[in-house]
Amino acid sequence: MENAYMNQGAQVDKGENARMSSFIGAIAIADLVKTTLGPKGMDKILQRVSQNDQSISVTNDGATILKSVNIDNAAAKVLVDIAKVQDDEVGDGTTSVAVFCGELLREAEKLVAQRIHPQTICRGWRLARDAARSALEAHARDNKDNEEKFRDDLFNIARTTLSSKLLTHDKDYFAKLAVDAVMRLKKSGNLDHIQIIKKAGGQLRDSYLETGFIMDKKIGVGCPKKVTNAKILIANTSMDTDKIKIYGSRVRVDAMSKVAEIEEAEKDKMRAKCKKIVDHGINVFVNRQLIYNFPEQLFAEAGIMSIEHADFEGVERLAAVTGGEVASTFDHPELVNLGMCDTIEEVMIGEDKVVRFSGCKAGEACTVVLRGASGHMLDEAERSLHDALCVLTQTVKETRTICGGGCTEILMAAAVDKEVPSIPGKKALAMEAFARALRQMPSIVADNGGYDSAELITQLRAAHAQGKSSYGLDMYNGLVADMDPLGVRESFKSKLQVLMSASEAAEMILRVDDIIKCAPRQREGH
């Protein structure tokens, strides 16, 4: 029928075919990342097959895996998008959100097969989601008024996040490192001010949080290699005008001496600019752009340390950590805020020289130096630490925390099941399906650890029925245990985002009854 009014090349999948295509695509994507869920999850090797790029990366980060997969199925792309949003919003829970959405659609497939309309299922899911959210909020704990307990919560959240990553064997060490880094931000929550420098060599345990700030650049030739009581001018200005830069123009002269005069005039301009900079009373000059040989020589003669080509993020971080401002003009020294720090020196990390700023004025930025055996390991360690830092910065803003280890999923499923008897009609069946999907999450975590998931989940449900609402899975011993003394805690915001995003995405996919694929309009003569 549609072929009568559609262009050639258009294709329509209708009704059952469209729904099956959506279900199969989304469930396949969820199954792809399912085995990476939990502290005993497996890793994936992502290999590029382009002619010029044969590199590989090893990861178990859900968002990284899903971003790397080229997908043709429309519903599968929705799952990839919600994983990306989860990564941007919270940083952790990217695998959980994709897997939970897949489990909801798996349950929906059974309900549709029983001739229950998708809109009825959606209505039931919305009721179940509200009940689950209320249970989650009732279970959340907030220690923001007690700084010591709140710091313990942050430490436990970081440990829980890192337990499913490459850094799991040193999770206590890296959790403390992550908490210290986030607390230095003083609630600004700007992760750009935490710089991560990767240097191959040594082992992961050799990584450390630099109390000052490290810039992976070199000090100018002939400049002092160490400065104490530094006054730093941070600039974004052109320092390469020791040559004529009027492109497309011709300068006619009748003697070589005139060329020398032009060059000398350029040098005089540069001398005047350097003098203005020196008149700020500084002993360190950091520029975002290049510093050519002539101005570098002038700074060296004035006893000023110069650092060139500090990338834009480096300049912004340095301004934050030293309390300075980025300047572009130098006519009014009294209006420029200079950065301050006790010592600037060149140090070695592994076999590389870097510049270290110690005793900084503001101290609202810091540097994490990661060491490791190989580039692949460092990349995965950076992704793991970045997830922990993201979750911690979000927890500093939304201070509520909850128990991990599958505890909240069982709690929410029990709350949904409790509501079911009071709901008339087929919506109740959809609510039961929602509760089953929630219980699948700890079941998958147990399966990934090689444990008997059916046995553990039934024990966990029985424990919750007896009022032990903080019980969850102890994945290191294969038992059901109280999560509070084990310190298995998660961010409330992360879990809430998983619940809302996955259920809304599943609802959107379920409501599809047609998939229309259109070829692009052919241009004339092509």
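The figures that follow rest on heavy atoms only: side chains count, while hydrogens, waters and symmetry mates do not.
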Peer 1: With a 4.0 Å cut-off on N to O distance, would you call R126 and E504 a salt bridge?
Peer 2: no
Peer 1: Atom CE of M377 and atom OG of S384: how far apart are they, to the nearest 0.5 Å?
Peer 2: 11.0 Å
Peer 1: For I232 versus C341, what's the shortest heavy-atom pair and its separation?
Peer 2: CD1-SG, 3.9 Å
Peer 1: Specify the closest pair of heavy atoms between A175 and L162, including all atoms of both residues, with the distance to one decimal.
Peer 2: N-CD1, 3.7 Å
Peer 1: State the CE-OG1 distance between M412 and T408, to the nearest 0.5 angstrom.
Peer 2: 5.0 Å
Peer 1: Is K495 salt-bridged to E409, cutoff N-O under 4.0 Å?
Peer 2: yes
Peer 1: S503 and R129: side-chain donor and acceptor closer than 3.5 Å?
Peer 2: yes
Peer 1: Taking S494 for the side chain and S491 for the main chain, is one N or O donor matched with an acceptor at less than 3.5 Å?
Peer 2: no
Peer 1: Which atom names give the shortest non-hydrogen contact between A310 and V315, and what distance separates them?
Peer 2: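 Nearest heavy atoms, A310 then V315: O-CG2, 3.4 Å.
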Peer 1: Could you measure the distance from the NE2 atom of H139 to the CG atom of L411? Nearest 0.5 Å is fine.
Peer 2: 6.0 Å
Peer 1: Assess the residue pair C403 and V488 against the criterion (side chain to side chain contact (heavy atoms under 4.5 Å, CB included)); give the C-alpha distance rounded to whole Å, side-chain angles, the decisive distance to 0.1 Å, and a yes or no.
Peer 2: CA-CA 6 Å; C403 289; V488 181; over 6 Å; no
Peer 1: State whether the side chain of K418 and the backbone N or O of A131 hold a donor-acceptor pair below 3.5 Å, judged by distance alone.
Peer 2: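 Judged by distance alone, no pair lies under 3.5 Å.
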Peer 1: When P442 is tested against each of L456, L37, I457 for side chain to side chain contact (heavy atoms under 4.5 Å, CB included), which residue passes?
Peer 2: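 Only match with P442 under side chain to side chain contact (heavy atoms under 4.5 Å, CB included): I457.
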Peer 1: Less than 4.0 Å between a side-chain N and a carboxylate O, is that true for E398 and K144?
Peer 2: no
Peer 1: Given side chain to side chain contact (heavy atoms under 4.5 Å, CB included), test T401 with F492 step by step and report yes or no.
Peer 2: CA-CA 5 Å; T401 63; F492 169 80; 5.9 Å; no
Peer 1: Do the side chains of D142 and R400 get close enough for a salt bridge, i.e. N-O under 4.0 angstrom?
Peer 2: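 Salt bridge between D142 and R400, a charged N being under 4.0 Å from a carboxylate O: no.
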Peer 1: So V112 and H117, do their side chains get closer than 4.5 Å, heavy atoms only?
Peer 2: no
Peer 1: As a quick check of understanding, evaluate salt bridge (charged side-chain N to carboxylate O under 4.0 Å, His left out) for D379 and K198, giving each step before the final call.
Peer 2: CA-CA 8 Å; D379 289 342; K198 298 176 289 186; 2.9 Å; yes
Peer 1: What's the verdict on side chain to side chain contact (heavy atoms under 4.5 Å, CB included) for E325 and I234, showing C-alpha distance, side-chain angles and the deciding distance?
Peer 2: CA-CA 7 Å; E325 287 181 352; I234 306 162; over 6 Å; no
Peer 1: Salt-bridged, D31 to R106, with N to O below 4.0 Å?
Peer 2: yes
Peer 1: Does the side chain of E103 reach to within under 4.5 Å of the side chain of I444, using non-hydrogen atoms?
Peer 2: yes
Peer 1: Just wondering, more than 12 heavy atoms not from K149 lying within 6.0 Å of its NZ?
Peer 2: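 Not buried by this count: 12 neighbours or fewer within 6.0 Å.
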Peer 1: Do L389 and I196 come close enough that some side-chain heavy atom pair is under 4.5 Å?
Peer 2: yes
Peer 1: Using atom types as modelled and distance alone, determine if a side-chain donor or acceptor of S207 lies under 3.5 Å from a backbone N or O of R371.
Peer 2: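 Side chain of S207 to backbone of R371, a donor-acceptor pair under 3.5 Å: yes, one is there.
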Peer 1: Kindly say whether A414 contributes a backbone atom to a donor-acceptor pair with the side chain of H464 at under 3.5 angstrom?
Peer 2: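 Side chain of H464 to backbone of A414, a donor-acceptor pair under 3.5 Å: no, none is there.
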Peer 1: Roughly how far, to the nearest 0.5 Å, is OG1 of T94 from CD of Q497?
Peer 2: 12.0 Å
Peer 1: Whether D417 and R439 form a salt bridge (side-chain N of Lys/Arg under 4.0 Å from carboxylate O of Asp/Glu) is what I want to check.
Peer 2: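 D417 and R439: salt-bridged.
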Peer 1: In the structure I gave you, are the side-chain heavy atoms of N448 and P39 within less than 4.5 Å of one another anywhere?
Peer 2: no
Peer 1: If we ignore hydrogens and angles and just use 3.5 Å, is the side chain of E432 paired with the main-chain N or O of V420 as donor and acceptor?
Peer 2: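 No; zero donor-acceptor contacts below 3.5 Å.
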Peer 1: Determine whether S358 and D342 satisfy the following criterion, side-chain hydrogen bond (donor to acceptor under 3.5 Å, both in side chains), listing intermediate values before the conclusion.
Peer 2: CA-CA 6 Å; S358 308; D342 293 341; over 6 Å; no
Peer 1: Should I121 and K427 count as side-chain neighbours, where that means a heavy-atom distance under 4.5 Å?
Peer 2: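 Not in contact.
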Peer 1: Find out whether I509 and L79 are in side-chain contact, i.e. whether some heavy atom of one side chain is under 4.5 Å from a heavy atom of the other.
Peer 2: yes
Peer 1: Can you check whether C390's main-chain N or O pairs, donor with acceptor, with T393's side chain at less than 3.5 Å?
Peer 2: yes
Peer 1: Taking R151 as the fixed residue, which of N146, N156, D180, N143 is the one that meets the side chain to side chain donor-acceptor pair (under 3.5 Å) rule?
Peer 2: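 The passing option is D180.
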Peer 1: Passes side chain to side chain contact (heavy atoms under 4.5 Å, CB included), V80 versus V69? Steps please.
Peer 2: CA-CA 9 Å; V80 175; V69 180; over 6 Å; no
Peer 1: Is it the case that more than 12 heavy atoms not belonging to R461 sit under 6.0 Å from its CZ atom?
Peer 2: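 At most 12 heavy atoms, drawn from other residues, nucleotides or ligands, come within 6.0 Å of this atom.
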Peer 1: Any salt bridge linking D172 with K176? Criterion: basic side-chain nitrogen under 4.0 Å from a carboxylate oxygen.
Peer 2: no
Peer 1: Between E107 and K110, is there a salt bridge with N-O shorter than 4.0 Å?
Peer 2: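 Salt bridge: yes.
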Peer 1: Kindly compute the distance separating CG (D92) from CD (E490), expressed to the nearest 0.5 Å.
Peer 2: 7.5 Å
Peer 1: Taking the side chain as C-beta and beyond, is there a heavy-atom pair between I56 and H376 under 4.5 Å?
Peer 2: yes
Peer 1: With the threshold set at 4.0 Å, does a side-chain nitrogen-carboxylate oxygen contact exist between R141 and D484?
Peer 2: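 Here R141 pairs with D484 in a salt bridge, since their nearest N and O are under 4.0 Å apart.
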Peer 1: Any side-chain to backbone donor/acceptor pair from T399 onto V396? Under 3.5 Å, distance only.
Peer 2: no
Peer 1: Under a 4.5 Å cut-off applied to non-hydrogen side-chain atoms, are Q195 and F213 in contact?
Peer 2: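 Q195 vs F213: side chains touch.
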Peer 1: Measure across K34 and V99 and return the closest heavy-atom pair with its distance rounded to 0.1 Å.
Peer 2: CA-CG2, 3.8 Å
Peer 1: Please name the residue in the list V368, I349, V355 that meets the side chain to side chain contact (heavy atoms under 4.5 Å, CB included) test with I214.
Peer 2: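 Single pass found, and it is I349.
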Peer 1: Can you tell me how far SG of C122 sits from CZ of R511, rounded to the nearest 0.5 angstrom?
Peer 2: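 R511 CZ to C122 SG: 5.5 Å, rounded to 0.5 Å.
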Peer 1: Do we get K468 above Y471's six-membered ring, with its NZ or CZ under 6.0 Å from the centre and within 45° of the axis?
Peer 2: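 Yes.
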Peer 1: Of the non-hydrogen atoms in Y476 and K171, which two are nearest, and what is the gap between them?
Peer 2: OH-NZ, 3.1 Å
Peer 1: Flag the pair F100 / F434 as yes when their ring centroid distance falls below 6.0 Å, and as no otherwise.
Peer 2: yes
Peer 1: For the pair D447 (side chain) and T35 (backbone), establish whether a donor and an acceptor sit closer than 3.5 Å, ignoring hydrogens and angles.
Peer 2: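 No, the answer is negative, given that no donor and acceptor are paired below the 3.5 Å cut-off.
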Peer 1: If I compare all heavy atoms of A430 with all of T120, which pair ends up nearest, and what's the gap?
Peer 2: CB-O, 4.4 Å
Peer 1: How about I45: does its CD1 atom have over 12 heavy atoms from other parts shown lying under 6.0 Å from it?
Peer 2: no
Peer 1: May I ask you to say whether D130 pairs ionically with R133, meaning some side-chain N is under 4.0 Å from a carboxylate O?
Peer 2: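 Not counted as a salt bridge, because no side-chain N and carboxylate O are separated by less than 4.0 Å.
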